[in-house]
K.L.:
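Quick one: the structure is below, and I'll ask about it shortly.
Sequential numbering from 1 along the given sequence is applied to the chain's residues.
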Amino acid sequence: AGHNFLVGLCEHLRDWLVCKDPIPIQLLEVGASIREKYKTQAQKISVDFLYSALEIGSRSDINYKASKNKRLHIELALLHFCNIIKKKMTY
């Protein structure tokens, strides 16, 4: 369940990144109304944040199976996400 959450979060971040450009947004396999919501949300998020968040998510995904405490692993990944949000807000 935790791994599915992590993978789903990374997919969501990736979809926001795709929506930053009007051409690839058509590649999203979602309905038009959802595509518009993604587009609106993506405009409020910096590309730097998305790259950083995807890097954290990717590392966490790779290391998830090796983790002995999977719940703690997910919680640490979320703390890393919060940390980059906090850093972006303090500038």
K.L.:
Return the set of residues passing side-chain contact (heavy atoms from CB on, under 4.5 Å) with His80 (not counting sequence neighbours), or none when no residue passes.
P.N.:
Ile56
K.L.:
Please list all pairs meeting salt bridge (charged side-chain N to carboxylate O under 4.0 Å, His left out) that have one or both residues in residues 53-75, counting only residues at least two apart or in different chains.
P.N.:
Glu55-Arg59, Arg71-Glu75
K.L.:
Could you pull out every donor-acceptor pair under 3.5 Å between side chains of residues 6-19 and any protein atom, sequence neighbours left out?
P.N.:
from, atom 1, to, atom 2, distance (Å)
His12, ND1, Tyr38, OH, 3.2
Asp15, OD2, Tyr38, OH, 3.4
Trp16, NE1, Gln41, OE1, 2.9

K.L.:
Enter the distance from Phe49:CZ to Phe81:CZ here, rounded to the nearest 0.5 Å.
P.N.:
7.0 Å
K.L.:
Under the 3.5 angstrom rule, does the side chain of Ser58 hit a backbone N or O of Leu54 as a donor-acceptor pair?
P.N.:
no
K.L.:
Nearest 0.5 Å please: distance from the NE2 atom of His3 over to the OG atom of Ser67.
P.N.:
11.0 Å
K.L.:
Test question: given the 4.5 Å side-chain rule for I, L, V, M, F, W and Y, name all other residues clustered with Leu72, or answer none.
P.N.:
Leu76, Leu79
K.L.:
Scan residues 22-41 for pairs that pass salt bridge (charged side-chain N to carboxylate O under 4.0 Å, His left out), counting only residues two or more places apart or in two chains.
P.N.:
none
K.L.:
Test of understanding: with side-chain contact (heavy atoms from CB on, under 4.5 Å), list the residues that count as partners of Asn4, not counting sequence neighbours.
P.N.:
none
K.L.:
Step through the shown structure and confirm whether more than 12 heavy atoms of other residues, nucleotides or ligands are within 6.0 Å of CG on Leu27.
P.N.:
yes
